[in-house]
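Reviewing the structure listed below.
Predicted model only: the values in this text are computed from it and were never measured.
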Protein chains: 2
Amino acid sequence: MQHGRGIALNSFSAVSDETRRTILDLLIKKPLTVGQINRHFSSLTQPGISKHLAVLRKARLVKVSVSAQNRVYSLDKEGFLELEKWISKYQEFWKSNLDSLVKYLDRNSKSERKVIQK
Amino acid sequence: MQHGRGIALNSFSAVSDETRRTILDLLIKKPLTVGQINRHFSSLTQPGISKHLAVLRKARLVKVSVSAQNRVYSLDKEGFLELEKWISKYQEFWKSNLDSLVKYLDRNSKSERKVIQK
DNA sequence: TGGTTATATAACTGGAATGTAATATATAGT
DNA sequence: ACTATATATTACATTCCAGTTATATAACCA
């Protein structure tokens, strides 16, 4: 691998791809094999799907269990926790009424004399 | 713009970049101008920062207010709502004890006779 | 007015991501 | 043992993205 899909280890870049989000949407319903997932994507080849799954695996958003020649993929909590942890910080921010204070300041930003620190 | 950063409109790809996540981390503390943000990144040029801010703006993760030559950037709730909405679906999934059921099935996947639908 | 400061935009470049075809590997079934 | 099936990996092509330099735009200040 001279580079390619092996770098995207964090869950943020993993979910930035539309196809991978669709795969997660499929797996939330029930665990699926690679072939079953592949059948949902008429425009993608099997190796393409396998690569996306590798990215999701590295980000710990999915996990595999081997069953004969089949690999059954299902959601893995780990990666989702990373995402949740990150977003919860901003949820806290919006929860506090600092939110409306900023809105108030915004409304007056053009008329008010505002000191901007260099 | 023959391509570049103008395509990434959704909040997922916007937050997939480490630099942009750092910018959001700065803005959660307080609104900042482009120059102030730029000073936090010794390795980046001003146009580089402006482009990241353009991506964040299109994803509605930040908003601007003009104050003379300064543009004061602050967090915008819209984009975060999109992210929260997406992740809440998975939070629900993990909340249900389907989670532990899957774990149970995983443990037994090698020993059990499992029927996989083609 | 002229010069400086703050920011955005355009054009370009290198490297990373995404997709493919070909191939390897392992298992099932006959 | 032989063939078919399921999946991963490799090598490669193409597209996309983050960064740069150069330049445009606009407002401030002397």
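Contact check, B:R20 against D:dA18: a side-chain N or O comes under 4.0 Å of OP1 or OP2. For D:dA8, one of the phosphate oxygens OP1 or OP2 lies less than 4.0 angstrom from a side-chain nitrogen or oxygen of A:Y73.
Taking atom CD of B:Q69 as the reference point, atom P of C:dA8 lies 12 Å away to the nearest angstrom. Put simply, CD on B:E18 is 12 Å from P on D:dA18, counting in whole angstrom units. Taking atom CG of residue B:D17 and atom C1' of nucleotide C:dA16, one finds them 12 Å apart after rounding to whole Å. Atom CZ of A:R71 is separated from atom P of D:dT5 by 19 Å (rounded to the nearest Å). In this structure, B:F12 places its CZ atom 20 Å from C1' of D:dC16, rounding to the nearest Å. The distance between atom CD1 of B:I37 and atom C1' of C:dT7, rounded to the nearest whole Å, is 11 Å. Going from atom CG of A:N38 over to atom P of D:dT7 covers 9 Å, rounded to whole Å. Between A:K58 atom NZ and C:dA16 atom P the separation is 15 Å, expressed in whole Å.
Backbone-only contact: A:S43 has heavy atoms under 4.0 Å from sugar-phosphate atoms and none from a base. Counting any heavy atom pair closer than 4.0 Å across all strands shown, B:L53 reaches no nucleic acid atom. Looking at heavy-atom distances under 4.0 Å, A:L44 makes contact with sugar-phosphate atoms alone, never a base. The residue A:F41 sits apart from the nucleic acid: no heavy atom pair falls under 4.0 Å.
Taking only side-chain atoms of B:H52, from C-beta outward, the nucleotide of C:dT9, D:dA18, C:dT20 with the closest atom is D:dA18. Relative to the side chain of B:K51, the nucleotides C:dG19, C:dA10, C:dT7 differ in distance, and C:dA10 lies closest. Closest to the A:S50 side chain, of the nucleotides D:dT20, C:dG19, D:dT7, is D:dT7. If you check C:dA28, D:dA8, D:dG19 against the side chain of B:T19, the one that comes closest is D:dG19. For B:R57, the side-chain atoms get nearest to C:dA8 when compared with the rest of C:dT18, C:dA8, C:dT7.
No hydrogens or angles were tested; on distance alone, nothing pairs the side chain of B:Q46 with the base of C:dA6 as donor and acceptor under 3.5 Å.
Toward the 5' end of DNA chain C, the nearer of the two residues A:T45 and B:V64, judged by each one's closest nucleotide, is B:V64.
Evaluation of the side chain to side chain donor-acceptor pair (under 3.5 Å) rule for B:T19 yields no partner, not counting sequence neighbours.
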What verdict does the salt bridge (charged side-chain N to carboxylate O under 4.0 Å, His left out) test give for A:K89 and A:E92, after you've listed the backbone C-alpha separation in whole Å, the side-chain angles of each residue and the deciding distance to 0.1 Å?
CA-CA 5 Å; A:K89 183 176 171 182; A:E92 284 307 310; over 6 Å; no
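Between the side chain of B:K63 and the backbone N or O of B:R57, no donor-acceptor pair lies under 3.5 Å.
Using a 4.5 Å heavy-atom threshold, the side chains of B:R21 and A:N10 count as touching.
Under the 30°/60° scheme for interplanar angles, the aromatic rings of A:F12 and A:W86 are found to stand perpendicular.
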